[in-house]
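Heads up, the thing below is written out as structure tokens.
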Amino acid sequence: MPPLADILSKVVLFQDLEAQAVATLAPLLIAKKFTAGTVIFRELDDSDALYIVEQGTVVVSKHVSGDVDVVLTRFQRGDFFGEMGLFDNAPRSATANVETDSLLWRLDRGVFHDIFSHHADIAAKICYRLVKVFIERLRVTNEQTRDAIRWGLEATGYSPTGTQALFGRKST
């Protein structure tokens, strides 16, 4: 198994960090092994950490209604999830399930805040990458929302009629 610093250096979140910064960060993470079928956290659980996937696959899903959940995404080696837990105390917005046996690295909120206090340069670079990832994920969410609304309109047979809305589009 490669050293943790080698694994972290390949994670997009840490790609702007020099080797020494990665070496400083590595001992602050906690290894967590999970077997397939394990729930890492559930929607509405307390949110307090980010997870990095070293091995395995994690499925993140959102409860829709009754016993229906929708898979939002899958995370694999080098991916990270749960990053909102580093910034606020709001409950988890989705559920993370282990699809295949996994080794994850946990970065707790308190540790992340300590990085801000003691290693501002490292924190700034991590935050820059987090913002970039937030933007990418928000764009995907916007597309998923548009598709879901369009599918709902098509399923109900909705056909826009009437006067022209702003920018040549219908608003409902």
Side-chain angles (χ1 to χ4, degrees), residues 1-34 38-63 69-148:
M1 183 182 324
L4 179 56
D6 290 347
I7 293 161
L8 294 180
S9 67
K10 294 175 179 71
V11 175
V12 69
L13 184 60
F14 307 121
Q15 75 182 32
D16 298 324
L17 300 180
E18 294 81 23
Q20 182 56 46
V22 174
T24 298
L25 185 63
L28 303 177
L29 302 175
I30 301 167
K32 296 283 191 175
K33 289 186 179 185
F34 295 94
T38 303
V39 175
I40 300 166
F41 54 77
R42 296 186 190 285
E43 188 172 344
L44 302 180
D45 281 355
D46 289 340
S47 180
D48 61 356
L50 166 144
Y51 293 87
I52 299 161
V53 181
E54 178 178 340
Q55 296 173 344
T57 308
V58 175
V59 174
V60 175
S61 61
K62 180 84 174 149
H63 180 71
D69 289 356
V70 63
V71 171
L72 300 175
T73 192
R74 282 181 168 75
F75 293 108
Q76 300 173 14
R77 181 180 178 88
D79 292 332
F80 65 91
F81 61 94
E83 64 278 359
M84 289 187 281
L86 296 179
F87 293 98
D88 68 16
N89 293 324
R92 293 286 185 187
S93 63
T95 298
N97 290 288
V98 178
E99 187 171 46
T100 61
D101 290 354
S102 296
L103 173 59
L104 308 179
W105 291 91
R106 179 182 163 112
L107 174 60
D108 289 318
R109 180 187 307 129
V111 171
F112 185 65
H113 288 214
D114 286 345
I115 293 168
F116 268 94
S117 298
H118 304 310
H119 304 283
D121 56 329
I122 294 174
K125 290 177 180 178
I126 292 171
C127 284
Y128 174 78
R129 280 292 147 200
L130 278 170
V131 168
K132 300 272 289 180
V133 169
F134 285 154
I135 291 168
E136 290 170 18
R137 291 180 181 177
L138 183 58
R139 288 183 200 282
V140 169
T141 300
N142 286 343
E143 288 301 309
Q144 290 171 334
T145 301
R146 182 186 52 85
D147 288 345

Any [X] side-chain heavy atom under 4.5 Å of [Y] side chain:
X: F116; Y: C127; value: yes
X: E83; Y: R137; value: yes
X: K62; Y: E43; value: yes
X: I115; Y: L25; value: yes
X: L13; Y: L50; value: yes
X: I135; Y: K132; value: no

Atom [atom1] of [X] and atom [atom2] of [Y]: how far apart are they, to the nearest 0.5 Å?
X: R146; Y: T141; atom1: CZ; atom2: OG1; value: 13.0 Å
X: R77; Y: K10; atom1: CZ; atom2: NZ; value: 7.5 Å
X: K33; Y: L104; atom1: NZ; atom2: CG; value: 11.5 Å
X: L17; Y: H119; atom1: CG; atom2: NE2; value: 11.5 Å
X: T73; Y: D79; atom1: OG1; atom2: CG; value: 7.5 Å

Please check if the number of heavy atoms outside D46 that lie under 6.0 Å from its CG is greater than 12.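 Not more than 12 within 6.0 Å, no.
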On the 0 to 90° scale, with breaks at 30° and 60°, tag the Y51-F34 ring pair as parallel, tilted or perpendicular.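 Ring orientation of Y51 relative to F34: perpendicular.
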Using 30° and 60° as the class boundaries, would you call the ring planes of F87 and F134 parallel, tilted or perpendicular?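 The rings of F87 and F134 stand perpendicular, inter-plane angle above 60°.
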Main-chain N/O of [Y] paired to [X] side chain as donor or acceptor, under 3.5 Å:
X: S102; Y: T100; answer: yes
X: R92; Y: G82; answer: yes
X: E54; Y: I7; answer: no

For a quick test of reading the model, state the closest non-hydrogen atom pair linking [X] to [Y] and the distance between them.
X: T95; Y: N97; answer: CG2-ND2, 3.6 Å
X: A5; Y: A26; answer: N-CB, 4.5 Å
X: L103; Y: A31; answer: CD1-CB, 4.2 Å
X: F81; Y: A96; answer: CE1-CB, 3.9 Å
X: A94; Y: S61; answer: CB-O, 3.2 Å

Does a salt bridge link R139 with E136, judged by any charged N lying under 4.0 Å from a carboxylate O?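 Salt bridge: no.
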Going by salt bridge (Lys or Arg N to Asp or Glu O under 4.0 Å), name the pairs with one or both residues in residues 97-107, residues two or more places apart or in two chains.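 Residue pairs with at least one partner in residues 97-107: D48-R106, R74-E99, R106-D108.
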Listed once per pair and sorted, the salt bridge (Lys or Arg N to Asp or Glu O under 4.0 Å) pairs that draw on residues 15-26, sequence neighbours left out: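 Applying salt bridge (Lys or Arg N to Asp or Glu O under 4.0 Å) to every pair that reaches into residues 15-26, excluding sequence neighbours, yields D16-R129, E18-K125.
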Side chain to side chain contact (heavy atoms under 4.5 Å, CB included) assessment of F80 paired with V12: CA-CA 9 Å; F80 65 91; V12 69; 3.7 Å; yes
Can L8 and I52 be said to form a side chain to side chain contact (heavy atoms under 4.5 Å, CB included), step by step? CA-CA 9 Å; L8 294 180; I52 299 161; 3.9 Å; yes
